Amino acid sequence: MPNIESGLKEMMEIEGAVGAAVVDYSSGMALGTLASTNTLDLTVAAAGNTEVVRAKMRTMDQLGLNDAIEDILITLSGQYHVIRPLTSRKGQGLFLYLALDRGRGNLALARHRLKGIEETLEV
(Lines give C-alpha, C1' and ligand atoms only; values in the text may rest on other atoms or scores of the structure.)
Protein backbone atom coordinates (compact mmCIF):
# COMPACT_ATOMS: atom_id res chain seq x y z
CA MET A 1 0.00 0.00 0.00
CA PRO A 2 1.48 3.34 -1.00
CA ASN A 3 1.92 6.08 1.59
CA ILE A 4 1.38 9.76 0.84
CA GLU A 5 4.83 10.24 -0.69
CA SER A 6 4.56 7.30 -3.06
CA GLY A 7 0.94 8.21 -3.82
CA LEU A 8 2.10 11.68 -4.90
CA LYS A 9 4.75 10.10 -7.12
CA GLU A 10 2.07 7.90 -8.73
CA MET A 11 -0.08 10.97 -9.31
CA MET A 12 2.83 12.76 -10.99
CA GLU A 13 3.30 9.75 -13.32
CA ILE A 14 -0.10 10.49 -14.86
CA GLU A 15 0.49 11.90 -18.34
CA GLY A 16 0.35 15.71 -18.26
CA ALA A 17 0.55 16.05 -14.46
CA VAL A 18 2.08 19.36 -13.34
CA GLY A 19 1.22 19.23 -9.64
CA ALA A 20 -0.23 16.90 -7.03
CA ALA A 21 -1.21 17.22 -3.38
CA VAL A 22 -2.90 15.37 -0.56
CA VAL A 23 -4.89 17.92 1.44
CA ASP A 24 -6.69 17.97 4.79
CA TYR A 25 -9.86 19.94 4.09
CA SER A 26 -10.65 20.57 7.75
CA SER A 27 -7.50 22.70 8.05
CA GLY A 28 -6.68 23.50 4.41
CA MET A 29 -3.15 22.21 4.93
CA ALA A 30 -1.34 20.08 2.36
CA LEU A 31 -0.02 16.86 3.90
CA GLY A 32 2.26 16.45 0.90
CA THR A 33 2.89 18.10 -2.45
CA LEU A 34 4.87 17.36 -5.59
CA ALA A 35 5.19 19.50 -8.72
CA SER A 36 7.05 19.50 -12.01
CA THR A 37 7.05 23.31 -12.16
CA ASN A 38 7.50 26.16 -9.72
CA THR A 39 4.73 28.22 -11.33
CA LEU A 40 2.00 26.35 -9.43
CA ASP A 41 1.95 27.17 -5.71
CA LEU A 42 0.45 23.98 -4.28
CA THR A 43 0.11 25.46 -0.79
CA VAL A 44 -2.17 28.18 -2.17
CA ALA A 45 -3.98 25.61 -4.33
CA ALA A 46 -4.54 23.36 -1.30
CA ALA A 47 -6.07 26.18 0.74
CA GLY A 48 -8.19 27.49 -2.13
CA ASN A 49 -9.48 24.09 -3.16
CA THR A 50 -10.35 23.34 0.46
CA GLU A 51 -12.92 26.14 0.16
CA VAL A 52 -14.29 24.54 -3.03
CA VAL A 53 -14.72 21.17 -1.28
CA ARG A 54 -16.32 22.73 1.80
CA ALA A 55 -18.73 24.78 -0.32
CA LYS A 56 -19.81 21.75 -2.35
CA MET A 57 -20.34 19.67 0.78
CA ARG A 58 -22.42 22.46 2.38
CA THR A 59 -24.51 22.77 -0.79
CA MET A 60 -25.12 19.02 -0.95
CA ASP A 61 -26.19 19.09 2.71
CA GLN A 62 -28.55 22.03 2.13
CA LEU A 63 -30.07 20.22 -0.85
CA GLY A 64 -30.51 17.06 1.20
CA LEU A 65 -28.42 15.03 -1.23
CA ASN A 66 -27.40 11.78 0.42
CA ASP A 67 -24.56 11.07 -1.97
CA ALA A 68 -20.77 11.18 -2.08
CA ILE A 69 -18.56 13.38 -4.25
CA GLU A 70 -16.43 11.30 -6.62
CA ASP A 71 -14.49 14.25 -7.92
CA ILE A 72 -14.72 17.94 -8.65
CA LEU A 73 -13.36 19.19 -11.96
CA ILE A 74 -12.20 22.73 -12.63
CA THR A 75 -11.50 23.37 -16.29
CA LEU A 76 -9.12 26.20 -17.18
CA SER A 77 -8.03 27.20 -20.67
CA GLY A 78 -4.66 25.46 -20.22
CA GLN A 79 -5.19 23.05 -17.32
CA TYR A 80 -7.57 20.62 -15.67
CA HIS A 81 -7.72 20.61 -11.87
CA VAL A 82 -9.17 17.45 -10.38
CA ILE A 83 -10.18 17.23 -6.72
CA ARG A 84 -11.00 13.77 -5.36
CA PRO A 85 -12.19 13.48 -1.75
CA LEU A 86 -11.01 10.26 -0.11
CA THR A 87 -13.81 7.93 0.93
CA SER A 88 -12.00 5.41 3.11
CA ARG A 89 -12.42 5.67 6.87
CA LYS A 90 -8.70 6.41 7.27
CA GLY A 91 -8.81 9.04 4.54
CA GLN A 92 -11.87 10.85 5.88
CA GLY A 93 -11.36 14.62 5.68
CA LEU A 94 -8.68 14.41 2.96
CA PHE A 95 -8.69 14.96 -0.78
CA LEU A 96 -6.35 14.31 -3.67
CA TYR A 97 -5.60 17.29 -5.89
CA LEU A 98 -4.15 16.92 -9.37
CA ALA A 99 -3.33 19.67 -11.86
CA LEU A 100 -2.98 18.49 -15.46
CA ASP A 101 -1.65 20.25 -18.54
CA ARG A 102 -4.71 20.27 -20.78
CA GLY A 103 -2.70 19.75 -23.96
CA ARG A 104 -0.85 16.66 -22.68
CA GLY A 105 -3.26 15.13 -20.19
CA ASN A 106 -6.13 12.73 -20.71
CA LEU A 107 -8.89 13.66 -18.27
CA ALA A 108 -10.68 10.29 -18.35
CA LEU A 109 -7.45 8.39 -17.77
CA ALA A 110 -6.40 10.78 -14.99
CA ARG A 111 -9.72 10.27 -13.18
CA HIS A 112 -9.36 6.51 -13.53
CA ARG A 113 -5.79 6.58 -12.18
CA LEU A 114 -6.77 8.83 -9.25
CA LYS A 115 -9.49 6.37 -8.27
CA GLY A 116 -6.93 3.56 -8.23
CA ILE A 117 -4.49 5.63 -6.19
CA GLU A 118 -7.23 6.51 -3.72
CA GLU A 119 -8.16 2.86 -3.25
CA THR A 120 -4.62 1.83 -2.34
CA LEU A 121 -3.40 4.94 -0.51
CA GLU A 122 -2.38 4.36 3.11
CA VAL A 123 -2.74 7.49 5.23
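Values below: all heavy atoms of this structure, side chains included; hydrogens, waters and symmetry mates excluded. Because the structure is predicted, anything quoted here is derived from the model rather than measured.
Between Lys56 and Ile72, the closest side-chain pair of non-hydrogen atoms falls below 4.5 Å. Residues Gln79 and His81 form a side-chain contact, since some pair of their non-hydrogen atoms from C-beta on lies under 4.5 Å apart. When side chains are defined from C-beta on, Asp71 does not count as touching Leu114, because their heavy atoms never get closer than 4.5 Å. Contact of the Arg113 side chain with the Glu13 side chain is registered, since non-hydrogen atoms from C-beta on lie closer than 4.5 Å. The shortest distance between side-chain heavy atoms of Val22 and Leu8 falls below 4.5 Å. The shortest distance between side-chain heavy atoms of Leu100 and Ile14 falls below 4.5 Å. Counting heavy atoms from C-beta outward, Leu76 and Arg102 have side chains that stay 4.5 Å or more apart. Contact of the Ile83 side chain with the Ile74 side chain is registered, since non-hydrogen atoms from C-beta on lie closer than 4.5 Å.
Closest heavy-atom contact between Leu98 and Ala17: CD1-CB, 3.9 Å. Heavy-atom minimum distance, Ile4 versus Gly32: CG2-CA, 4.3 Å. When all heavy atoms of Leu86 and Glu118 are compared, the pair lying nearest together is CD2-CG, 3.4 Å. Closest heavy-atom contact between Asp24 and Leu94: CA-CD2, 3.6 Å. Residue Gly19 comes nearest to Leu40 through the heavy atom pair CA-CD2, 4.1 Å, listed as atom of the first residue, atom of the second, then distance.
Counting heavy atoms of neighbouring residues, nucleotides and ligands inside a 6.0 Å radius, atom CE of Met57 exceeds 12 of them.
Expressed to the nearest 0.5 Å, how far CE of Met11 lies from OG of Ser6 amounts to 11.5 Å.
Taking a cutoff of 4.0 Å between a charged side-chain nitrogen and a carboxylate oxygen, Glu5 and Lys9 qualify as a salt bridge.
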Can you give each donor-acceptor pair under 3.5 Å made by side-chain atoms of residues 103-110, sequence neighbours left out, with the distance rounded to 0.1 Å?
unit_1 : atom_1 : unit_2 : atom_2 : d
Asn106 : OD1    : Ala108 : N      : 3.1
Asn106 : OD1    : Leu109 : N      : 2.9

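The closest donor-acceptor contact from the side chain of Asn49 to the backbone of Ala45 lies under 3.5 Å. Checked by atom type and distance alone, the side chain of Arg84 pairs as donor or acceptor with a backbone atom of Glu70 at under 3.5 Å. Judged purely by atom type and a 3.5 angstrom limit, Arg54 uses its side chain to pair as donor or acceptor with the backbone of Ser26.
The side-chain contact (heavy atoms from CB on, under 4.5 Å) with Val23 is formed by just one residue from the set Leu96, Val53, Thr50; it is Thr50.
For Thr33, the side-chain contact (heavy atoms from CB on, under 4.5 Å) criterion is met by Ala21, Ala30, Leu42, not counting sequence neighbours.
Linking ILVMFWY residues whenever their side-chain heavy atoms come closer than 4.5 Å, directly or via other members, leaves Tyr25 and Val44 in distinct clusters.
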